[in-house]
Amino acid sequence: MHDLKYIRENFEIFKNKISNRNNNSNIDNLLDLDKKNRNLIQEKELLEKKKKDISKSKDEKMFEKSKEISSKIKDLSEEQNNIKLKLNSILSSIPNLPHSDVPDGKDENSNKVIETKGEIKSKNFIEKSHYELGEKLNMLDFDLATKTTGSRFVFVKDKLAMLERAISNFMLDIHTLENGYKEISPPLMASENTMYGTGQLPKFENDQFEIKLESKEERKFLIPTAEVILTNIVKNKIVKSNELPLRFVASTPCFRKEAGSYGKDTKGMIRQHQFYKVELVSIVENSKCLDELERMTNCATMILDKLELPYRKIILCTGDMGFSAEKTYDIEVWLPSEKRYREISSCSSCGTFQARRMNSRYKNEKNENVFTGTLNGSGLAVGRTLIAIMENYQQQDGSIIVPNALRPYMNNLDKISTISS
RNA sequence: GGAGAGAUGGCUGAGUGGUUGAAAGCACCGGUCUUGAAAACCGGCAAAGGGGCAACUCUUUCCUGGGUUCGAAUCCCAGUCUCUCCGCCA
């Protein structure tokens, strides 16, 4: 959510900056609505003052007059309310402004590589995809998932299931023990207002799985990422500044409809309706967002370093960033079967954009209430890490070496193969 | 699912029709005292929005939405949420 005052005072700048985002909201009549809104407020307040004075005077002769004023106020309020609603509906659908560091661009082609790290080991055989490997091992079963549930789901079985669990635990341990995040096991469903707070609603309702409930009950959605529920921990709260930064980590399933990605990544478990992700969330003083973003991104790449997986870090351009982000780094891991890098983490600073929606604040040194800064990042996507390990650690015979860092989490198993060990 | 209780400022918690934006306490900020700190004492301290260069000023807000009244935190109606007890259940 944007500060209307800022928009009012810097409309051309605002409009210019927002034009670089994938924005389809009509912002042109924003100023007009704002003007109308404020005029109506003034008119209304004048009448309210009159009414209040009459009431205070307890002058019975004026009581009839007061009734008249009441009905006028009612009309004005209604009109003002309608305009306010329109204003809010436009405002809540405008994406965050990109930070000045962010490169301009329409789509992912304008993203910039910042760093490439890790050794891509050349193999003397043709490397298989994770789904070929997994199906051959009889540890990834897509057909079974189709039978029980539908497309874009998978059964992970046996040692690969154990590996998935190991990855998740390994990441949680690093982030809690080394990086100072507090572990949370949160609800996997979120209320409408919570989804609004982080920016999933109202604009992206089509991407969300909604739970079917009695019509009376408040709407609930399966979380598309733990970011939603972790960030909203500070919703409607005034945090003490000495409590900042708050850092949370959770490993949760995530649920996404993947509407609009028909035909994309249909094979394998790159793009699923349900997947595990270890998510990092930071709540900071709003001036510290960019520092925290660097820190958070390092926390994510640290995992890949320890797993000895080759990756690169890129900065997303204005047109490729998510709705709430002001600056985003994606981390992409090398997938030998595709001979390219694929996203495994996305770390974003949202500035005060989400905090405004959530009404999350802290007291600054002047004792004023100011909006917090919020950040989120994957640390990392567990499913895709599984894929990356399978493909990068595969052997010619289709077995998979367990990365050193994960062996303590796998009863010291060093290799996954058809011959059960 | 059945029965009951409740929702007030950052927190705790008074308040049942007329300067109540709201007592008191805690927390927080400033000061006195102290070598320093603590304690004690004194003072300050809600938010959002509108107008004004500013000092300032106006409006709204005691869960939400309606209603009664000249006037509502307080009365009426509807709803939401929370808690307790019983039942069922992972």
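Since we're looking at a predicted model, the values are computed, not measured.
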Using a 4.0 Å heavy-atom cut-off across all strands, classify A:Lys52 as base, sugar-phosphate, or nothing. sugar-phosphate

Run the ring pair (Phe, Tyr, Trp, His ring centres under 6.0 Å) test against A:Phe155 and tell me which residues pass, sequence neighbours left out. none

What's the CG-P distance between A:Asn39 and B:G50, to the nearest Å? 12 Å

For A:Lys44 and B:G50, give me the distance from atom NZ to atom C1', rounded to whole Å. 10 Å

Taking the side chain of A:Glu48 as its heavy atoms from C-beta onward, which of B:G51, B:A47, B:U60 lies nearest to it? B:U60

Can you tell whether the side chains of A:Arg8 and A:Asp34 come within less than 4.0 Å, N to carboxylate O? yes

Under a 4.0 Å N-O cut-off, is there an ion pair linking A:Arg256 with A:Asp207? no

Between B:G9 and B:C41, how far apart are the P atoms? Round to whole Å, please. 27 Å

Work out how far the P atom of B:U64 is from that of B:U57, and round it to whole angstrom. 27 Å

How far, in whole Å, is B:A14 from B:C81 if one measures between their P atoms? 25 Å

Output a table of donor-acceptor pairs, distance under 3.5 Å, between side-chain atoms of residues 320-329 of chain A and any protein atom two or more places apart or on a different chain; print 'none' if there are none.
residue, atom, partner, partner atom, Å
A:Asp320, OD2, A:Asn111, ND2, 2.9
A:Ser324, OG, A:Thr198, O, 2.9
A:Glu326, OE2, A:Ser349, OG, 2.7
A:Lys327, NZ, A:Asp101, OD2, 2.8
A:Lys327, NZ, A:Tyr329, OH, 3.4
A:Thr328, OG1, A:Ser348, OG, 2.8
A:Tyr329, OH, A:Glu294, OE2, 2.6

Does A:Glu210 pair with A:Lys220 as a salt bridge, N-O distance under 4.0 Å? no

Give me the atom names and distance for the closest heavy-atom approach of A:Tyr362 to A:Leu244. CG-CD1, 3.6 Å

With a 4.0 Å cut-off, would you call A:Glu292 and A:Arg247 a salt bridge? yes

Taking atom P of B:A48 as reference, at what distance in whole Å does atom CE of A:Met1 sit? 15 Å

Could you measure between the two P atoms, the one in B:C75 and the one in B:A5, and give it in whole Å? 15 Å

Whether the A:Gln354 and A:Glu227 side chains hold a donor-acceptor pair (N or O, under 3.5 Å, no angle test) is what I'd like checked. yes

Tell me: CG of A:Asn369 to P of B:C28, nearest whole Å? 16 Å

Considering just the side-chain nitrogens and oxygens of A:Arg8, establish if one lies under 4.0 Å of OP1 or OP2 belonging to B:G49. no

Taking the same atom, P, in B:A27 and in B:U34, what whole-Å distance lies between them? 24 Å

No-hydrogen, no-angle side-chain donor-acceptor test under 3.5 Å, A:Asn20 and A:Lys106: no

Does the side chain of A:Ser77 pick up a donor-acceptor pair with the side chain of A:Gln80 at under 3.5 Å? no

I need the CD1-P distance between A:Ile238 and B:C28, as an integer number of Å. 16 Å

Point-to-point distance, once rounded to the nearest 0.5 Å, from CG of A:Asp104 to OG of A:Ser19: 8.0 Å

Rounded distance (Å) that lies between atom C1' of B:G49 and atom NZ of A:Lys84: 7 Å

List the protein contact pattern of nucleotides 62-74 of chain B with one symbol per nucleotide (5' to 3'): B for base contact, S for sugar-phosphate-only contact, - for none; contact means a heavy-atom distance under 4.0 Å. -----S--BS---

Could you tell me how far B:C26 sits from B:U35 if I compare only their P atoms? Round to whole Å. 27 Å

What donor-acceptor contacts under 3.5 angstrom involve side-chain atoms of residues 183-191 of chain A, with partners at least two apart or in another chain?
residue, atom, partner, partner atom, Å
A:Ser191, OG, A:Thr194, N, 3.3
A:Ser191, OG, A:Thr194, OG1, 3.1

Suppose you measure atom C1' in B:C85 against the same atom in B:G43; what distance do you get, rounded to whole Å? 48 Å

For B:G49, take OP1 and OP2 only and decide whether either is under 4.0 Å from a side-chain N or O of A:Arg38. no

Taking Watson-Crick and G-U wobble contacts under 3.5 angstrom, with | marking pairs to another strand and [ ] crossing pairs, the secondary structure of RNA chain B is written (((((((..(((.....[.....))).(((((.......))))).((((((....)))))).(((((..]....))))))))))))....

Separation of B:G10 atom P from A:Lys237 atom NZ, nearest Å, is 13 Å

Quick one: which protein N/O atoms are closer than 3.5 Å to N/O atoms of nucleotides 55-58 of chain B? Pair and distance per line, please.
none

What integer number of Å spans the P atoms of B:U12 and B:C77? 28 Å

Take atom CG of A:Leu40 and atom C1' of B:G50, then tell me their distance rounded to the nearest Å. 12 Å

Closest non-hydrogen atoms of A:Arg356 and A:His2, given as atom of the first, atom of the second and distance, are CD-C, 4.2 Å

